[in-house]
Amino acid sequence: MKKLLKVIVCAFALAMPVCASAQAEIKFDKTVIDFGEFSEATPQQSCTFTYTNTGNQPLIINQAVASCGCTVPEFTKDPVQPGMKGQIKVTYNGKGKFPGHFKKSITVRCNAKTEMIRLYIEGDMTESK
């Protein structure tokens, strides 16, 4: 009986590191997108951040929150399988904002090894004439 217990304990001890290393990992193609210069006449700008699950478990984006209400992120709630790609679409609306340079952040929370990632959009909105 003691030998059986020792075998079970050893099996769990050996299996723990294997289970702990089985995790999703997220890798973004870019973490900063620059809209460049655009006119106040067309204040709405959009872009897409593409990411890959480089881990060995399904990746789930739990939350994507922008630093202000003028920026809206959209993402799929479906799990991204290992080796597959996903996207986060971000729309900036500068209507009613002062022309000039801006930089906004989007905080992404997920079940990956790196649980929180910050993405950034920036640009220069020029005054319409």
Side-chain angles (χ1 to χ4, degrees):
M1 189 65 159
K2 285 184 180 183
K3 281 186 179 183
L4 180 60
L5 184 59
K6 284 182 182 180
V7 169
I8 292 172
V9 169
C10 287
F12 276 120
L14 292 173
M16 291 300 271
V18 173
C19 293
S21 67
Q23 196 168 7
E25 290 187 38
I26 191 168
K27 178 159 181 18
F28 280 90
D29 293 349
K30 294 180 184 179
T31 56
V32 178
I33 293 181
D34 189 344
F35 291 130
E37 199 171 282
F38 61 94
S39 173
E40 187 178 27
T42 55
Q44 193 164 322
Q45 301 291 311
S46 294
C47 64
T48 302
F49 290 93
T50 302
Y51 60 89
T52 305
N53 179 359
T54 59
N56 51 18
Q57 292 294 315
L59 173 69
I60 300 169
I61 302 289
N62 298 316
Q63 188 179 48
V65 180
S67 58
C68 83
C70 61
T71 306
V72 179
E74 298 174 43
F75 62 96
T76 180
K77 308 263 192 289
D78 297 332
V80 175
Q81 298 302 317
M84 301 303 289
K85 293 184 178 284
Q87 296 181 332
I88 298 176
K89 182 182 177 191
V90 178
T91 303
Y92 170 79
N93 190 348
K95 185 177 180 176
K97 304 290 181 196
F98 288 107
H101 183 79
F102 67 89
K103 186 170 187 174
K104 306 294 179 183
S105 67
I106 299 91
T107 303
V108 178
R109 296 187 188 278
C110 61
N111 69 330
K113 187 175 183 179
T114 305
E115 296 175 357
M116 186 186 80
I117 301 102
R118 282 228 168 77
L119 307 173
Y120 297 93
I121 59 168
E122 63 181 310
D124 289 293
M125 186 168 68
T126 60
E127 191 173 342
S128 61
K129 299 180 172 132

Listed by chain and number, what are the ring-ring contact (aromatic ring centres under 6.0 Å, His included) partners of F49, not counting sequence neighbours?
none
Between V108, I61, D29, T31, which is the residue that forms a side chain to side chain contact (heavy atoms under 4.5 Å, CB included) with Y51?
I61
Should side-chain heavy atoms under 4.5 Å link Ile, Leu, Val, Met, Phe, Trp and Tyr, which residues sit in the same cluster as V32?
Y120
Can T50 and F28 be said to form a side-chain contact (heavy atoms from CB on, under 4.5 Å), step by step?
CA-CA 6 Å; T50 302; F28 280 90; over 6 Å; no
Kindly write out the residues that satisfy side chain to side chain donor-acceptor pair (under 3.5 Å) with N62, not counting sequence neighbours, or none if the list is empty.
none
So, for P99 and E127, which heavy atoms are closest and what is the spacing to 0.1 Å?
CB-N, 3.8 Å
Which residues pass the side-chain contact (heavy atoms from CB on, under 4.5 Å) test with P82, sequence neighbours left out?
N53
Over all atoms of both residues, closest heavy-atom pair of K104 and T71
CG-OG1, 3.5 Å
Are the side chains of E115 and R109 in contact, using a 4.5 Å heavy-atom criterion?
no
Pairs touching residues 52-79 that satisfy ring pair (Phe, Tyr, Trp, His ring centres under 6.0 Å), sequence neighbours left out
none
Within-4.5 Å side-chain heavy-atom neighbours: D124 and F102:
no
Distance-minimising heavy-atom pair for T126 and E37
CG2-CG, 3.3 Å
Determine whether T48 and V90 make a side-chain contact, defined as any pair of heavy atoms from C-beta on separated by less than 4.5 Å.
no
Once you round to the nearest 0.5 Å, how far does SG of C110 lie from CD1 of I60?
10.0 Å
Joint cluster assignment, M84 & I117, ILVMFWY side-chain distance < 4.5 Å:
yes
Side chain to side chain donor-acceptor pair (under 3.5 Å) against K27, all qualifying residues, sequence neighbours excluded:
none
Out of curiosity, Q63 CD to K77 NZ, how far, rounded to the nearest 0.5 Å?
9.5 Å
By the side-chain hydrogen bond (donor to acceptor under 3.5 Å, both in side chains) test, which pairs, at least two apart or in different chains, include something from residues 82-96?
S46-T91, T52-K85
Can you check whether T54 reaches I26 side chain to side chain, under 4.5 Å on heavy atoms?
no
Residues at least two apart in sequence or cross-chain that pass ring-ring contact (aromatic ring centres under 6.0 Å, His included) with F35, listed by chain then number, are none
Would you find a donor on one side and an acceptor on the other, under 3.5 Å apart, between the side chain of T114 and the backbone of M116?
no
When every non-hydrogen atom of A112 is compared with those of E25, the smallest separation belongs to CB-CA, 4.0 Å
Sub-4.5 Å side-chain heavy-atom contact between K97 and C70:
yes
Taken to the nearest 0.5 Å, the spacing of L119 CG from S105 OG works out to 9.0 Å
Check the pair S67, I106 against side-chain contact (heavy atoms from CB on, under 4.5 Å), reporting the backbone distance first and the verdict last.
CA-CA 6 Å; S67 58; I106 299 91; over 6 Å; no
Please enumerate all residues that pass side chain to side chain donor-acceptor pair (under 3.5 Å) together with Q44, with sequence neighbours excluded.
none
Quick check: closest heavy atoms across S128 and A41, and the distance to 0.1 Å?
CB-N, 3.8 Å
Identify, with sequence neighbours excluded, every residue that meets side chain to side chain donor-acceptor pair (under 3.5 Å) alongside T42.
none
Hey, are the side chains of V65 and P73 touching, using non-hydrogen atoms and a 4.5 Å cut-off?
no
For the atom pair CE (M125) and CD (Q45), what is the distance rounded to the nearest 0.5 Å?
9.5 Å
Closest heavy-atom pair and its distance - N56, A22:
OD1-CA, 3.2 Å
Verify whether one side chain among R118 and T107 offers a donor that lies under 3.5 Å from an acceptor in the other.
yes
